[in-house]
Amino acid sequence: MRWSQSFIPTRKENPREAEIASHKYLVRGGFIEQHASGVYAFLPLARKVILKIENIIREEMNKIGAQEVLLPALTNSDVWKDTGRWESFGNDMFRLKDRWERELALAPTHEEIMTLLAKEHLKSYRDLPQIWYQIQTKFRDEPRPRGGLLRVREFAMKDSYSFDATWEGLDESYQKHKNAYLNIFSRTGLQVSVVKASSGLMGGSDSEEFMVLSKSGEDRIVYCPKCGYSANIEVAEARVGNPFVQSKFTKKEKVHTPGVRTVKEVAEFLGIEPSLIVKSLLYRTQDKRDILVLIRGDYEVSEAKLSKIYGQELQLSSREYILKKFNAEPGFIGPIDAPVDEIIADESIRNLSRFVVGGNRNDYHIVGVNLDDIKINRFADLREVREGDICLKCGGGLSLENAIEVGHIFKLGTKYSASLGAMFTDQNGEKKPIIMGSYGIGVGRIMAANVEVNHDDKGIIWPFSIAPYEVDIIEIDHKKTEDFAFKLYKELKSKGYDVIWDDRDIGAGAKFKDAELVGIPISVVVSPKKIKDGTLEVQVRKTGKQFDVREEELLSQLKNLKKEL
RNA sequence: CGGGGCGUAGCGCAGUUUGGAUAGCGCGCCUGGUUCGGGACCAGGAGGUCGGUGGUUCGAAUCCACUCGCCCCGACCA
């Protein structure tokens, strides 16, 4: 391709709305253009990158025997109602009506549609196992799109689904996907951590996420540098830092604590550690039960864990509601004689004694409290793991890191097959629900995460495998070297390189800047002076190295560079 | 949905506090010329419903109300 004829609208300045590197550079480099919040147009360069990523995905999926399909994005509401997700997806699902007022949805994912297809055709254990996948646009009405391509409302996803007759078969299909995913991410130039994850709306048992460590990521993962344990913070488990503590108070009594309502203030006021305070938080379930959550003062409640325990979203109660219910400010509520339906306590308070709780009356706390003084309905792990907590597996100290989720695999089991009646007949003539798995990859996120991880202050640094072009032929003075450059261009193309020829009649500086911004791995500079001596200059984007090569050595040099990049 | 911010030429911004005449600047774009190894220079030029609607006023980019859109921080997910 000639640059002069390409549609590559690069810009000198950062777009107003972009804050993170991938967003800035993808817009500045002329890859993407925003159309609406969380909706982007993909211009030629981005399209090329995406196609390269998709092809790598296809190769790896086909390698494990998966077959590509393409299902509708516009779907009938019935299927969603059958599995209950018409309700549970809530506002995240784009819904619409046709001219006959029939309800439709733009599919946010395809478990239902795939399962229906399986139901129609997979009738016998002889038809199993199967793996079907597609690369398709999904629609989710995200509450808050952000970070350019990191969180959008319309996005390409590779989603695959496995259908097995046995649980062992599911394990195998799952493992195949895991291996394929590791290949895909490594081939697209990403280092990923595989972490235990919450299965959320998908349901099912095991699930793991593929995470790219990046400060722009909106997920947080916990990992143990010693033994390699890693998990999404939503499900991460750990032992508390200092497990047994007893306060200086020797008997239970009410003390006046005027105006001190936060844990920090109470700790300072009473002269004790925050870990000796038991924090009480009031939550409300969807079915309107009041749950008092108790947790050690130096920890935060994980609402993800809480929701999992109750199987529904819990809402932290408002100040107004607490005032009405307790006749006290939120900072002063406590578990003793609390007017609630249930008291649930985090494991972190199990070993405490003579601790401090709210007095359920403004400006009062109760000190010297023991667990016997409280009627706790149950204990559970409700804590959000903190930096420095202790690894359950090896006793090492845990670390926290931000990450971008680029893939997620689930063992679904029979949730969808059972509710939609996708049954097969086994060898004994028994009808059983098909055992399923579902596996997703965010295609656009691979692109964005790549830029997050691979960039410098000049622009993007693509890995060779997914670069929009592999080689950029840069002419210093187009008028003088056009014939030479054209020959070189044809030659490199004939050797299979994806090459762009910067034949524009503009200053060399601008061409270098564009090449760096757009992130083409290798530039070959054609200078009128140097070609007289039979040399060309090679510039390597990643290392910043520049060196001259003899014309006849160019191809072998490129071959070597290709291996490294 | 709660909190914070923004909307002025294709892009990035100033002007709004304290209302006033032809709404500015840089980049980009067009024409001519000189240049040609790190976003060139000179000369000339085009380009605006000041997000929208309604109001206040002799007069609104500027004040008021409503509204639309976008970004960032918190609860979901690829």
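Quick note: numbers below take in every heavy atom, side chains included, and nothing from hydrogens, waters or symmetry partners. In the text below, chain A, chain B and the rest are named by the order of the sequence lines, each starting its count at 1.
Put simply, A/Ser37 has no side-chain N or O that comes within less than 4.0 Å of OP1 or OP2 on B/rG69. When the side-chain nitrogen and oxygen atoms of A/Gln34 are compared with OP1 and OP2 of B/rG69, none of them lie within a distance under 4.0 Å.
Shown here are the side-chain contact (heavy atoms from CB on, under 4.5 Å) partners of A/Asn14, two or more places apart in sequence or in another chain: A/Lys24, A/Arg28.
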Report task. Go along nucleotides 38-48 of chain B 5' to 3' and tag each nucleotide: B for a protein heavy atom under 4.0 Å from its base, S when only backbone or sugar atoms are that close, - otherwise. Result -> BB---------
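Side-chain contact, A/Asp82 with A/Tyr416: no donor N or O sits under 3.5 Å from an acceptor N or O. If you check the side chains of A/Glu475 and A/Trp501, you find a donor sitting under 3.5 Å from an acceptor.
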Could you go through nucleotides 2-7 of chain B and list every protein N or O atom that sits under 3.5 Å from one of its N or O atoms, giving the distance for each pair?
from, atom 1, to, atom 2, distance (Å)
B/rC6, O2', A/Arg16, NH1, 3.4

Query raised in the report: What do the steps show when you test A/Trp86 against A/Met93 for side chain to side chain contact (heavy atoms under 4.5 Å, CB included), and what is the final call?
Result: CA-CA 8 Å; A/Trp86 185 256; A/Met93 187 143 73; 3.5 Å; yes
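Taking the P atom of each, B/rG51 and B/rG33 are spaced 40 Å apart, rounded to whole Å. Spacing of C1' atoms, B/rU49 relative to B/rU8, comes out at 12 Å, to the nearest Å. B/rG15 and B/rA61 have their C1' atoms separated by 8 Å, with the value rounded to a whole Å. Separating the C1' atom of B/rG20 from that of B/rG12 is a span of 29 Å, rounded to the nearest Å.
Within 4.0 Å of A/Lys479, counting heavy atoms only, lies at least one base atom of the nucleic acid. Note on A/Ala18: nothing from the nucleic acid sits closer than 4.0 angstrom, heavy atoms only. Contact annotation for A/Gly148: no contact, since no heavy-atom pair falls under 4.0 Å across all strands. Within the nucleic acid shown, A/Val212 has no heavy atom closer than 4.0 Å to any nucleic acid atom. Using a 4.0 Å heavy-atom distance criterion, A/Pro9 is classed as making no nucleic acid contact.
Considering only side-chain atoms of A/Arg445, the nucleotide from B/rC77, B/rC36, B/rG37 that sits closest is B/rC77. Nearest to the side chain of A/Ile476, among B/rC77, B/rC73, B/rG37, sits B/rG37. With B/rC71, B/rC11, B/rA78 as the candidates, the nucleotide lying closest to the side chain of A/Glu13 is B/rC11. With B/rG37, B/rA75, B/rC11 as the candidates, the nucleotide lying closest to the side chain of A/Glu303 is B/rA75. Among the nucleotides B/rA75, B/rC71, B/rA78, the one closest to the side chain of A/Glu142 is B/rA78.
Cation-pi geometry between A/Arg153 and A/Phe139 is not met at under 6.0 angstrom from the ring centre and within 45 degrees of the axis. Both tests do not hold together for A/Lys279 against A/Tyr299: distance to the six-membered ring centre under 6.0 Å, angle to the ring axis within 45°.
A donor and an acceptor atom never sit less than 3.5 Å apart when one is taken from the side chain of A/Asp92 and the other from the base of B/rC77.
No option in A/Glu208, A/Glu209, A/Glu60 other than A/Glu208 meets the salt bridge (charged side-chain N to carboxylate O under 4.0 Å, His left out) test with A/Lys178.
A 3.5 Å limit on both hydrogen-bonding distances identifies no Watson-Crick or G-U partner for B/rA60.
A donor-acceptor pair is defined here as one N or O able to donate and one able to accept, closer than 3.5 Å; no such pair exists between the side chain of A/Tyr439 and the backbone of A/Gly407.
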